[in-house]
Amino acid sequence: MLSRLNPRQREAVEYVGGPLLVLAGAGSGKTSVITTKIAYLIKECGIKAHKIAAVTFTNKAAREMKERVGKLVQGKESRGLTVSTFHNLGLNIIRKEHKTLGYKAGFSLFDDQDTKSLIKDLMHKDFQTDADIIGMVQHMISNWKNDLIEPEQALGLAENDKETLAAAVYREYDRHLQAYNAVDFDDLIRLPVRLFRDHPDILERWQNKIHYMLVDEYQDTNVSQYLLVKLIIGYRGALTVVGDDDQSIYAWRGARPENLVKLGEDFPSLRIVKLEQNYRSTSLILRAANTLIANNPHVYEKTLWSEMGQGEQIRVISCRNEDAEAERVVTEILTHRIKKDASYKDFSILYRGNHQSRILEIKLQAFQVPYKISGGTSFFARHEIKDIMGYLKILVNPDDDNAFLRVINMPRREIGPSTLEKLGTYANQRHISMFHACSELGLEQSLSEKQVDKLRRFNHWLEKTRQRCYQDDSISAIREMIHDIDYEGWLHQNSSSPQVAERRMANVRILVDSLQDTLKRMQDDDDSASIEDAIARLVLRDMMEQQAEEDDSDRVQLMTLHSAKGLEYPHVYIVGMEEDLLPHRNSIDDGNIEEERRLAYVGITRARQTLTLTMAAQRKQFGEMLNCTPSRFLDELPPEDLAWEGKEQEPDKAKRERGRAALDSLKKSLGL
DNA sequence: TTCTAAGATGTTTTT
DNA sequence: CATCTTAGAA
């Protein structure tokens, strides 16, 4: 088991005497270290698998880790091992302890969009605002939660009108969540921390459950996550964390890379092991990465080296526009695949923002290249998925007014805004949910008989469905429910074409299948898992991937730079190497270039054999052609290692097209 | 209350 | 440009 490790890696695995920090450069085999260490703990240290918890940040990483541990430790021995995301761990804790925290079983989990729409509603109602500060407020609330600052404290700390407003919304928002029997993503960490702080007995129980903890991508932990780890670990110090400050790309969501330093302060006995040998990339690629990241300040110095051979030059391709860029990448992959005798799955295309995948998708389809886009909010942002999720949520948690509103007129139940408004105020006065208000007699006073009747009918129907769901097989009850509301018919009525409706319905089926699958998996691990738990799990997106990954067919992988972290591919294409895009506009504006540089670094270090960077001279934005400047990061790479293509002739062409565009707009403004 | 059509508005990254 | 919002008519 240990024979495949180098001395440093082996040290990291074998040291179990106290807290350990592994500073692992990109491609230095950190996943091997974690997975081997888990196996080592089970086999050599006699720690039971169900007493070990390993946490990461993405489902993808968690899944891969689980898989690799599975290869080292046979089925029985690995039973009950926890390998999950932080959020999943938090969800599990809240699930088991919801009563103490004051939540009812079946509590809803609000995703990003639910949160946004609630905040929007609150701001519309109680505060006069209309600008796009909603996103900002949402971000501020999230930050407060991550820093474990309560609404009252936030109110006290506020230094200007904007912050006072946001803090006031925060207070309202939290009250509403409570009333809805709902939690949001940040609560998944915050509530367990609060629980453990306030209830030493419960903390002790969990400390007995988790004897050893491993944290991957430690530089991405935020204040509350670090505190959660610290609480669980307690005085024992049975902890291994692995991190790399050069790969810290989540500061925007509260990650505190300083936690790397803080660990040493909090645990004076901390041992530090550095992994500096890279087993992934050719030395040219590695040199490019090193040169680039040298422009950033560093907490811990480390020098990555590799024995993988020099490899090919890094290619930089400049194209006319985004269309040409996408096409070039696709044809490039086609020829490369033949020349290198590689498979499609050896290639990955990385980009800064999800929207960039669209053009690529079109071109890939045009050339009939099999591909897979991973990550992105697309699936859960879809209408049909939101609708059904709404039904699922209200099914297990009737107090979820958010879900109630989503679902009430889907399909048409002829209950309009004014009726809902009245129902809302009534429910508010009585401090009950809208669903419960429907069955109250007092309603007749403010609403007409007709309206009340409609509400009652919905109320009865849902109540009946709920009973069916809890008495019979939940999944078939849910299938029946979808049939009951004739969702398929609704889709056909509201879709532009029958094909679109079919595709949407297929998505619904995927959702229900995944729910079934998730439920089964959870019950394998824990008999007490119920349909409510599986639904909450769905919101964390911990399953679509599983399904998709199971048929790990031969496809080109597309993803954002963020979700590429932790992965590797023989051939990597990074598209959109332009100012305002790779150092993203907003980051340039608020001076966050360093994190963007790390992002580029992460992208570059994904490549094993070849790396290709592409850019477009022009790009369409809001329907208008814009000229693009090459990314400053290109200038920060060693020039002698780069092979440029199409750099020179572009400016002329660009100028000509710009001239024509100007002429066109002039013609248009003259009404020609 | 629902439907329609013009208008505005906006694209970072994730659980 | 593509999506979502809002205003006005049926």
Side-chain angles (χ1 to χ4, degrees), chain A residues 55-62 84-91 109-117 120 124 130-132 134-135 139 142 145-146 183-190 217 220-222 224-225 248-255 322 350-359 374-378 380-381 383 409 411-421 448 450-451 454 493-494 536-542 544-545 559-566 576 580-590 592 595-596 598-600 602-603 619-626:
Chain A
V55 283
T56 63
F57 282 85
T58 63
N59 292 312
K60 210 171 195 165
S84 72
T85 62
F86 258 106
H87 295 267
N88 239 319
L89 177 69
L91 178 63
L109 177 53
F110 271 39
D111 71 13
D112 207 55
Q113 286 190 48
D114 297 327
T115 298
K116 189 172 231 156
S117 75
K120 198 173 177 184
H124 250 299
D130 42 4
D132 62 331
I134 292 149
H139 191 242
S142 172
K145 287 195 172 194
N146 287 331
V183 300
D184 64 19
F185 282 155
D186 300 315
D187 287 339
L188 292 179
I189 315 295
R190 183 173 77 134
E217 307 285 8
D220 290 336
T221 51
N222 61 32
S224 55
Q225 283 159 339
S248 157
I249 52 175
Y250 285 109
W252 53 272
R253 68 169 199 202
E322 50 187 349
L350 310 179
Y351 35 80
R352 176 69 233 260
N354 280 307
H355 61 278
Q356 290 173 268
S357 66
R358 281 194 91 227
I359 329 144
S374 63
T377 46
S378 41
F380 284 86
H383 274 245
N409 271 314
R412 285 273 113 77
R413 271 181 265 261
E414 297 177 301
I415 301 165
S418 61
T419 308
L420 289 173
E421 176 88 48
S448 74
K450 232 184 199 162
Q451 310 300 344
K454 284 170 186 162
Q493 217 156 49
N494 288 72
R537 193 76 163 249
L538 272 192
V539 182
L540 282 179
R541 324 204 154 157
D542 173 31
M544 299 317 303
E545 310 256 348
M559 70 197 84
T560 63
L561 288 162
H562 279 88
S563 47
K565 190 160 75 149
D580 287 2
L581 201 56
L582 188 36
H584 193 272
R585 195 301 117 87
N586 299 351
S587 302
I588 297 174
D589 289 348
D590 24 68
N592 272 349
E595 181 148 316
E596 296 290 307
R598 277 181 238 123
L599 203 49
V602 166
R619 201 172 278 278
K620 226 184 295 177
Q621 207 167 36
F622 307 135
E624 244 183 332
M625 273 296 189
L626 284 176

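Given the structure is predicted, the values throughout are model-derived calculations rather than measurements. Chain naming here is simple, since letters A, B, ... match the order of the sequence lines and numbering starts at 1 in each.
OP1 and OP2 of B:dT13 both lie 4.0 Å or more from every side-chain N or O belonging to A:S563. A close approach under 4.0 Å does not occur between any side-chain nitrogen or oxygen of A:N586 and OP1 or OP2 of B:dT13. The phosphate of B:dT12 (OP1 or OP2) has no side-chain N or O of A:N354 nearer than 4.0 angstrom.
Residues A:H562 and A:Y250 bring their aromatic ring centres within 6.0 Å.
With centres under 5.5 Å and a plane angle under 30°, the ring of A:H584 is stacked against the base of B:dT12. Aromatic stacking is marked for A:W252 over B:dT13, as both cut-offs hold: 5.5 Å for the centres and 30° for the planes.
Taking the C1' atom of each, B:dT14 and C:dT3 are spaced 22 Å apart, rounded to whole Å.
C:dT3 atom P lies 14 Å from atom NE2 of A:H355, rounded to whole Å. Nucleotide B:dT15 holds its P atom 21 Å from the CZ atom of A:R190, rounded to whole Å. One atom, CD of A:Q356, and another, P of B:dT13, lie 9 Å apart when rounded to the nearest Å. Separating the CG atom of A:L109 from the C1' atom of B:dT15 is a distance of 9 Å, rounded to the nearest angstrom. B:dT15 atom P lies 8 Å from atom NE2 of A:H87, rounded to whole Å. Note: CZ (A:R253) to P (B:dT14) measures 9 Å, nearest angstrom. Distance NZ (A:K454) to P (B:dT1): 7 Å, rounded to an integer number of Å. Per the geometry, CZ belonging to A:F57 stands 19 Å off P belonging to B:dT13, to the nearest Å.
Residues passing the side chain to side chain contact (heavy atoms under 4.5 Å, CB included) test with A:N586 are A:H584, sequence neighbours excluded. In this structure A:N222 satisfies the side chain to side chain contact (heavy atoms under 4.5 Å, CB included) test together with A:N146, A:S224, A:Q225, sequence neighbours excluded. Under the side chain to side chain contact (heavy atoms under 4.5 Å, CB included) criterion, A:L581 pairs with A:Q356, A:E578, A:R619, not counting sequence neighbours. Contacts of A:D112 classified as salt bridge (charged side-chain N to carboxylate O under 4.0 Å, His left out), with partners at least two apart in sequence or in another chain: none. When the side chain to side chain contact (heavy atoms under 4.5 Å, CB included) test is applied to A:R585, the partners found at least two apart in sequence or on another chain are A:D580, A:D589.
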Please enumerate all protein N or O atoms sitting under 3.5 Å from an N or O of nucleotides 5-7 of chain C, with distances to 0.1 Å.
from	atom 1	to	atom 2	distance (Å)
C:dT5	OP1	A:K120	NZ	3.2

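A:F86 comes within contact range of no nucleotide atom at all, as no heavy-atom separation falls under 4.0 Å. A:D112 comes within 4.0 angstrom of a base, heavy atoms only.
Counting only heavy atoms from C-beta on, A:T560 has its side chain closest to B:dT13 among B:dT13, B:dT15, C:dC4.
Two residues, A:D186 and A:K116, neighbour DNA chain B, and the one matched to the more 5' nucleotide by heavy-atom proximity is A:K116.
Salt bridge annotation for A:E217-A:K565: present, with a cationic side-chain nitrogen under 4.0 angstrom from a carboxylate oxygen.
Donor-acceptor pairing under 3.5 Å is recorded for the side chains of A:S142 and A:D186.
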